[in-house]
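No experiment lies behind these values; they were computed from the predicted model shown.
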Amino acid sequence: MIIINPGSGPVSEATEENATGNTAVFVLDLGAKGLPVSDAVRHPEADYGDGRYAFTLAMADGRSIEIQMPGLPVERVRYLGEDGQNIWDFPRLYVDDSSWVWNYALDACEPDDEDDDR
């Protein structure tokens, strides 16, 4: 059996309320990494429709990032590689259409080298 991108499938039992709360925590985690967010706006028309909810993050450096946030409780989404967490049990977020578990999604929000040349 071959498994590619575990956790990228539909997220059952998801709610918009959970996704909104998760996005707030994600924004705090980005700030802790030195990547401040000036605004997070919900965009329901951009939802993937699989238990992920679309938000646009306006980064303090002028960039805009689309996040598709799973709508499960934060403890079931926020994979940080801590003891007791099994990466296979966590759904992926989408950052500008690429899927990542939480801790790698944070890294995916860092500016590219070419973004530094603006």
Side-chain angles (χ1 to χ4, degrees):
M1 172 172 37
I2 297 174
I3 299 175
I4 299 173
N5 291 341
S8 60
V11 181
S12 61
E13 302 178 25
T15 69
E16 182 177 359
E17 180 180 1
N18 283 336
T20 300
N22 294 345
T23 300
V25 174
F26 192 78
V27 165
L28 290 173
D29 284 355
L30 284 171
K33 285 182 61 75
L35 298 169
V37 176
S38 57
D39 199 13
V41 178
R42 175 81 172 94
H43 290 284
E45 71 284 356
D47 289 353
Y48 282 2
D50 66 352
R52 290 177 179 81
Y53 299 83
F55 296 83
T56 299
L57 305 183
M59 305 302 289
D61 63 8
R63 294 177 300 126
S64 179
I65 298 173
E66 182 186 273
I67 303 290
Q68 294 282 335
M69 181 62 71
L72 296 176
V74 71
E75 65 273 4
R76 292 182 50 200
V77 177
R78 191 174 181 239
Y79 177 80
L80 298 174
E82 296 174 345
D83 286 342
Q85 289 187 322
N86 183 339
I87 197 168
W88 294 90
D89 296 332
F90 289 80
R92 289 171 169 257
L93 292 67
Y94 284 78
V95 177
D96 290 335
D97 294 321
S98 294
S99 71
W100 309 91
V101 291
W102 188 288
N103 61 332
Y104 299 113
L106 293 169
D107 294 341
C109 292
E110 292 182 9
D112 294 331
D113 290 336
E114 63 227 30
D115 289 336
D116 295 337
D117 295 335
R118 284 191 264 152

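Partners of Ala60 under the side-chain contact (heavy atoms from CB on, under 4.5 Å) rule, at least two apart in sequence or in another chain, are Pro36. Applying the salt bridge (charged side-chain N to carboxylate O under 4.0 Å, His left out) rule to Asp107 yields the partners Lys33; only residues at least two apart in sequence or on another chain are considered. In this structure, the salt bridge (charged side-chain N to carboxylate O under 4.0 Å, His left out) partners of Asp50, at least two apart in sequence or on a different chain, are Arg52. Remark: Arg42 engages Glu16, Asp47 in a salt bridge (charged side-chain N to carboxylate O under 4.0 Å, His left out) (not counting sequence neighbours).
Closest of all the heavy-atom pairs between Val41 and Asp39 is CG2-OD2, 3.4 Å. Across every non-hydrogen atom of Leu93 and Ala105, the tightest pair is CD2-CB, 4.1 Å. Across all their heavy atoms, Ser64 and Asp96 have their closest contact at O-OD2, 4.3 Å. Here the closest non-hydrogen pair linking Met69 and Ala19 is CG-O, 3.5 Å. When all heavy atoms of Ala46 and Glu66 are compared, the pair lying nearest together is CB-OE1, 3.9 Å.
Put simply, CD1 on Ile87 and CG on Asn103 are 6.5 Å apart, with the number rounded to the nearest 0.5 Å. Here Arg63 contributes atom CZ and Asp112 contributes atom CG; the two are 7.5 Å apart, rounded to the nearest 0.5 Å. The CG atom of Leu35 lies 7.5 Å from the SG atom of Cys109; values are rounded to the nearest 0.5 Å.
Each ring-ring contact (aromatic ring centres under 6.0 Å, His included) pair with one or both residues in residues 29-59, not counting sequence neighbours, appears once here: Tyr48-Tyr94.
Criterion: ILVMFWY side-chain heavy atoms under 4.5 Å apart, direct or through other members. Under it, Val95 and Leu28 are not part of a common hydrophobic cluster.
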Pairs of donor and acceptor atoms involving the side chains of residues 70-80, under 3.5 Å and at least two apart or interchain, shall be tabulated with distances.
| from | atom 1 | to | atom 2 | distance (Å) |
| --- | --- | --- | --- | --- |
| Arg78 | NE | Asp29 | OD2 | 2.9 |
| Arg78 | NH2 | Asp29 | OD1 | 2.9 |
| Arg78 | NH2 | Asp29 | OD2 | 3.1 |

